[in-house]
Amino acid sequence: MHATSFFILTAATLLLACSGERSKPEARQGDDAVIAPVGLPVTAHASGCGALKLLALTLQPESASLQLYAALKNEGDEPACSPAFSVSLLDKSAQSLAMGVGGLLVQRFYQLADGSGTMAACVAPGDVTMIALTDLTAEVALEDVGGVEYWCNFWTLDVVPIEGFSISEVQPVSQATGVSYTGALANGFDTVVTNPSVAVFPLNRAGRPLGMALGRGQAELPPGGSWSFETSTVSEPGVAQAAYPAGGP
Amino acid sequence: MKEKRLLVALGALSAALVACSSNVDTKDGPGSPTNPATGGASGAPTGTAGTTTTTTNGGGAGLLPPGPCVQGVPVTTQIPRLMNRQYGNVVRDLLGVTTLGGKAVADSLVGDFTGPMTAPAWQVYQETAAAIAADVMSGPNKSKFISCDPAAAGCLKTTIETFGRKAFRRALTTEEVASFETLSHTTPPGTPAEVAEATLNAFLVSPSFLLIPELNTEVEGAAIKLSPQEVATRLSFLLWGSVPDDELNMAADSDQLGTKDQILTQAKRMILVREKTGPLVSAFHDEWAQMNNGSAHWFKGDHDPAKFPTYQAGAKASYLKELNAFFEEVAFANGSFQDLLTSNVAFVNKDNAAIYGLDPAQYTDELTRVTLDAAATPRPGFLTRAGFLSSYANYGATSPILRGAFIASAILNVNPGAPVPGALDKTVEGTFTTQRSFVEALTEKEQPCMGCHSVINPFGYALENYDAIGKWQTTDLRSGAIDATASVDFGDGAKKDISSPVQLMEEIAKMPKAKELYAQAWVSYAYGRGANANDQCVVDDLKTKLNGTGYSILTLLADLSQADSFRLRVRGDL
Amino acid sequence: MTNFNRRILLKGLGGAVVAAPFLSSLWERSAKAQSATTPKRTIVMFTHYGCITNKWFPNKLTGELLAADLTGTSLASLAPYAKKLLMPRGIRTMNEWTANNTGAGKGRGQGNDSHTQIAGSIFTCQPVTPNSDSPFSFGDPKFKAMPVGPSLDHVMAKQLSPSGTPLFMNVAGQSREGAQSAISYSAAEQIFPAVNATQAFNGLTGLFKSGTPMNADTWAVAKGKAITDIVKGDLSRLMSKDMSKVDKDKLAAWMELVNSVGKVVGSAQCSQELAMSLGANNKPGSGTGDALTRKVNDTMDNADLYSAIAALTAACNANPVIFLKYPNNFIFSGLGITADSHNQSHRLSDASMQGPCVKDAVDNLIKIDTYYAQKFANLIKFLDSMTEDAGTVLDNTVAVWMNEMSDGNAHNLNNAPIIQAGSGGGYFKTGQIVNLDAASGATAEQMLGRSLSQCVDGTPQTSNGVSQGTGTEAKYGNAPVNKYYCNIMNAMGMKADATGFPAKDGPANEVTHFGYSDKTEDFAGGLGAVQGATIHSPGGFTELKAT
């Protein structure tokens, strides 16, 4: 097992909110840390994430359990398809406390080049992907965590890009307990999408996700259709946000 | 005690050699064969160095393949295991224990074998070790193991180091000492006395105790030099069949065993420790005389009380003790091979006095050294002692065939092989006034019997003055006069006319083949392993010396310590 | 002619295992009469990521299972137990993931994440929810999908276990796994947490019986163990010296004897002594090395400790249903492997699941297979070392090693590598390989699979997980695992309801149905998507039963 440092900052590929006419919360002087809590040892398990480089990670207590948010970037030149991100929380003597796995969210969609029509969701080269792991396998207190190990798996497939979802006009909205987000999700697929959802991650100056707000709808979204979403509230709006379709066809 | 590892004379000793014995009167006939000929000591070690196929039975070819000796140090195993007799001696010398549950310690163990440890043997080693430890710690021998209070600080550690030096025949390493000290730190713990007993128990089952490892790696020429401690161990097992004493250990630890001369100095000292060397000498001669051969007749048969009212079956134990005392005495009186066959020293108690023509009332159970020098009733050597004469006879009569076959094969290495099929059913008609004439008629009148029996039988005829229980007789039970003259072929082709037992034994003692067999047996026994082609050189050397006059048995023992294979070893792919 | 001490009571020579006399107090206890219904147990050892099938399977589909059949395979360490083994061949487990699993009628199962759905279905034979028809799509739920019914261990434990739950242990001490790797579900979508060695062992100590006063016995046992350790240390030191092979073999044979666990009177003797003689305790090894191969003593590693606890649990009749789960995403650093076990199963060392083969991939996988086999062999050894009735605890146990999949790169579930030890009290045949899918016409060679068709000298040096080229052809080895589970449940004496599904109160005496379906295609599209999804072939495999 070898540790991999990854303090890289890149904000260029983030989807930034545009200021609009809606009231905007004060831009907080957020911290610059790419890891939170600061000093938390975060290491790659075995080979880590390959071409997907970890940009930032947050581990924080929320409503009596720990939640983990991470941002990674595809620094390779192939799409990383159906990517999964796994973590293992370790105690101070490197024993496993809890684990978590989830799918990394993507913004681009592809089809297998073999003519099967099979759809693939991939992180394109240069794209940033994010994830929220909100149901780690055990209830753990933050002070018991001695470190986090992470690893990824994804497919490198022969794919061609297709139209998929696109998200626009994402705006933060002040709420009593924090901030929610609004925006529009367009269906570029050629099938109907039911129960669409969008995940929005507030970010600090270093591009680290501070939480995740989720917007779910019950609309039936026809091909070419658009859905206006509003998400749940996050307490920490950060200085920017990134939005991803959270469910697919 | 049965020892299977020793390779001594291979001659078939039993009556089944008698190709022509009769079942008509099994009591008076030449003897119902109890064990068909299987030749001598089996159990030739396989898998250990130097073993050759001729160490198995039959064929009468002797121990080693014919041919010139191969100079050099033989390949040997580095981890021979203690033989049972050695185990018994070691436990006697280290701890003073000689019996367990009423029998000799060595008899508690699974019979000797040289292969890998087996489950039954390991089981028995463990049980025996536990029993010995318990016995020692609860009795007067305790101080031989531990002479301080186990609860006192440092006592156990010192005991481990001191006893360990003796038990392992070398100093223990720090790691080993620590390993034994873990007995003081078990969960739950034992009392100090329990820990002490457990420590002794652990020593007695340790491979470094049960094996005689030779692990030194210093090279000398094409061989590996044994360390001083390893030489000391070889020396003490050679001469005593046991562990070195303190003086030998000190000589080893101060590196005084590097040269042949230094080794000889110690050997000579050790040989004179009669209480240790004596038993080894006796045990060797018992082995050489086939007493441990399961097919042999030693102490197996009894005699017709109607014909031999003075015979006591229980006397056999005395007969054996007498022979052991005889062998030891011959050796320590600086006797030679010849003396084994000609000495008139006997050890008499009330059990065998009458056989030797002495008054039993004058003797107790204790054996007393007596010179049997009455000219009219000579008693040359061990072959005229009660034990042999009585064992190698029939129930109700003598058996020239059994006695003759024994001498031919065990002593002279003339092995005629197994009897032809149907031999045991042969009968002969007629009236005979002596056992000899009966046997002659049965076995020497025609082929195929005649071929072997004309060679074997004469040795026995020459002993016909000793009746079935070993007493001197001049009249046969069949009422005829004893004729003990014979024309004997001693194996070199030339026949000699023998007219007395003394003459017979003197001639036997002259035979080179007898001395060769004796030398081979010593080499094999002394080194505790099968002889091999390299050992033939040592045997040759001893043979030459034996062919001279006055080469004492004890000098032979000392000379065994002078072979190169005594200081060096060779590792090979066994 | 050797002279055997007549006190020895042996069942035969040549390495017959004999009780160490230090445990003589156990010899002296008389065996209690066994009750009319001898307890039976099922112990399942589960490992992830398949195996190198060509080296795992013997080149034989049917007939007597001989030691020689296993020699030279990854299962060589099981060869000494051949007579007590049963290898059911041609079995398929349910819900296979392929790139074509795009909905009902397509592919061989759901389109979720391969590991999530396989782990969820393997012991439940139920589909997972939420379903995905998009095998390469994204979506968090894919990795969190869970089966819609309970797993075999719970189904069995409900009827058989005093607590109603199985003893479920994670051999690497991981207490909770996510849906991507969890195999034990107490109910639909309810992951059941594993216990670690400490918890499992401590749960047993309350059952320990003491015979003669505790102190006398346990000093004797502690002394015996300490002396044994001294002997082993001495042997090890000797073995490290230069000497001929014959000499070393002699020492090795002695060491083997010393290591043999004593034959102990069986389940009536659940005691601290039994625990000690098995090497079971509540102290997993700590320190350097990986959590499986880390040593707890000279002869056992952490994984063995769990097996010893499983054996102790069996002997103590504490729980008749025991599952031993080996970890996912594991780095076998103790075997000299630095890649994660999942990546390694794809013959890669990085996160992607296709690409140029990593060096030594196949060799490392065989190392892992061999290691697992040794662990199973050690479990068998523990079970077989305890007498029970006229045989051993193993004879009254069904011990099975099951794998997540057949070839890890192909994720194929046909031709499942399954090896069983113990006849379950005489229910199963032993010493046999049984071909349960002879109708497919596969030859033994075809059933060795194609694990060596990539990343080995002379084959493509690219690993392709999509093509399933390293798996066994899909048309071979499709006898449904549901039937095997019925066999196991029936060996354990479970009851069933009128429809043949397991039911504690009966009325039927034989289980004939288990799970949602026994055809993997029925899982495509998720629960209810395929019309007619059902148990198509009820009942156990009669070919596996002892006549």
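In what follows, every chain begins at residue 1, and chains take the letters A, B, ... in the order their sequences are listed.
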Is B/I224 in contact with chain C via its backbone, its side chain, both, or neither, using a 4.5 Å heavy-atom distance?
neither
Hey, does C/W254 have a side-chain heavy atom less than 4.5 Å from the side chain of B/L210?
yes
Can you tell me how far CH2 of C/W219 sits from OG1 of B/T187, rounded to the nearest 0.5 angstrom?
10.5 Å
Can you run down the salt bridge (charged side-chain N to carboxylate O under 4.0 Å, His left out) pairs that involve residues 191-215 of chain B, sequence neighbours left out, and say none if there aren't any?
B/E214-B/R234
Given side chain to side chain contact (heavy atoms under 4.5 Å, CB included), test C/V246 with B/T77 step by step and report yes or no.
CA-CA 8 Å; C/V246 168; B/T77 170; over 6 Å; no
Top residue by heavy-atom pair count (under 4.5 Å) with chain C, among B/T191, B/T217, B/L183?
B/L183
Taking atom CG of C/D229 and atom OG1 of B/T182, what is their separation to the nearest 0.5 Å?
7.0 Å
Side chain to side chain, B/W122 and C/V231, heavy atoms closer than 4.5 Å
yes
When you compare the side chain of C/M243 with that of B/L215, does any pair of heavy atoms fall below 4.5 Å?
yes
Which heavy atom of C/S244 sits nearest a heavy atom of B/Q78, and at what distance?
N-OE1, 4.1 Å
Report yes if some heavy atom in the side chain of C/R237 is under 4.5 Å from a heavy atom in the side chain of B/E176; otherwise report no.
yes
Looking only at non-hydrogen atoms, find the nearest pair between C/K250 and B/G115 and report the distance.
CE-C, 4.2 Å
Got B/V205 and C/I227 here, is their nearest side-chain heavy-atom distance under 4.5 Å?
yes
For B/P213, run the side chain to side chain contact (heavy atoms under 4.5 Å, CB included) check against C/L251, C/L238, C/D234, C/D247 and tell me which one passes.
C/L238
Once you round to the nearest 0.5 Å, how far does CG of C/L257 lie from CD of B/Q126?
9.0 Å
Please classify the contact of B/F203 with chain C as side chain, backbone, both or neither, using a heavy-atom distance under 4.5 Å.
neither
Spatial distance of atom OG1 (B/T199) from atom NZ (C/K223) [nearest 0.5 Å]
10.5 Å
Under the salt bridge (charged side-chain N to carboxylate O under 4.0 Å, His left out) definition, can you give me all pairs with a residue in residues 304-313 of chain C, not counting sequence neighbours?
C/D304-C/K375
